[in-house]
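Below, each value reflects all heavy atoms present in this structure, side chains not excepted, and no hydrogens, waters or symmetry copies. Atoms within a ligand are numbered from 1 in the order they appear, just like the ligands themselves. The chain is numbered in sequence order, starting from 1.
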Amino acid sequence: MSTAPAPESPELLARIYRQFRDYFDRAEKKRRWSLKEDVPWDHCNRSLPPAIADVVESFCAVELYLPDYLSKLIPQVRGNHGRAWMLANWGYEECKHSMALGDWLLHSRTRSDEQMADLEGLVFSHEWDLPYDNARGMLCYTTLQELATWLHYVNLRKIVEAEGGCPALERVLQLVAIDERAHYDFFRRLVSLYLEYDRPGTLEQLRRVINTFKMPAVHMLADSRKRMEEVKELRIFDEDIFVSQVYEPVLTALKVQKSELRRRKSPREIVAVGKAR
Ligand SMILES: [Fe+2]
Ligand SMILES: [Fe+2]
């Protein structure tokens with residue numbers, strides 16, 4: 001159980017909206033890319049190890065849960081202009097990711113149209129639910145998850161290069177990774193703002209998320225164990241990588257000490273202990 005974080009002040013809401021406008025202006029100017037024009041689809045390496053296509057398919061499946069992500073996240077922040085508009089823009093950027101990964105699976109002929117339809121059927125037969133019950137918790141979760149997702153794509157790209165390369169897939173992974181890093185940066189800035197306005201309430205949510213973090217949706221697929229093992233075996237992501245390349249850098253960026261995340265007794269617990277003595 002966690003206590004609900006304090007509501008946002010008008011000043012905080014205005015600062016969040018300004019963050020979104022900065023993010024949006026930069027994205028429009030520097031980061032928009034075209035699925036059709038910006039990937040050399042005629043240059044697919046069709047002899048990469050099959051494990052790479054399996055991992056691309058798993059990442060594509062996680063991206064395909066977008067209708068659940070959006071339909072459940074937006075109601076949490078409906079009255080928060082900056083966060084709601086960010087989710088609309090984020091959804092546009094994320095929808096390109098599943099299309100780019102899916103297009104590579106087809107262009108590389110590692111998957112057929114029928115197999116892609118089966119994958120979509122599998123994804124849409126399970127519904128993803130919010131792992132945390134409030135918007136502040138979900139913001140902390142999204143911050144960690146976007147950095148972790150960026151790492152997944154960066155590490156997969158290194159493996160593709162080491163296995164002989166594939167210009168089309170490397171470009172897809174590069175474009176998607178740049179988006180994921182920008183998402184992380186935006187959400188991290190928001191957590192910093194919330195820390196400024198409500199440090200105890202934000203730390204409580206951050207503590208919950210760090211103690212229970214899981215990547216979204218992969219565990220919902222029927223063959224989830226095999227998919228997660230492939231990601232670990234290729235050293236794309238595992239618990240050590242989470243600690244050293246997600247958890248620690250996020251705390252540093254937020255200027256949060258590990259000691260602040262240790263569980264403090266709530267006033268009610270302290271009273272209860274006092275009465276028992
Ligand atoms: Fe994505
Ligand atoms: Fe993202």
Salt bridge (charged side-chain N to carboxylate O under 4.0 Å, His left out) filter on D118, not counting sequence neighbours, yields none
Tell me every residue that passes ring pair (Phe, Tyr, Trp, His ring centres under 6.0 Å) with Y23, counting only those two or more places apart in sequence or in another chain. F186
Counting only heavy atoms not in R199 (residues, nucleotides, ligands), do more than 12 fall under 6.0 Å from its CZ? yes
Flag if over 12 foreign heavy atoms under 6.0 Å of CZ, R109: no
Return the orientation label for the H81 and W85 ring planes: parallel under 30°, perpendicular over 60°, tilted otherwise. perpendicular
Relative to the Fe ion (ligand 1), which of the N, O or S atoms in E63 is the closest? OE2
List nothing but the number: protein N/O/S atoms under 2.8 Å from the Fe ion (ligand 2). 5
Show me the pairs that pass side-chain hydrogen bond (donor to acceptor under 3.5 Å, both in side chains) and involve residues 144-157, at least two apart or across chains. E63-Y153, W90-E146, Q145-T149, E146-H183
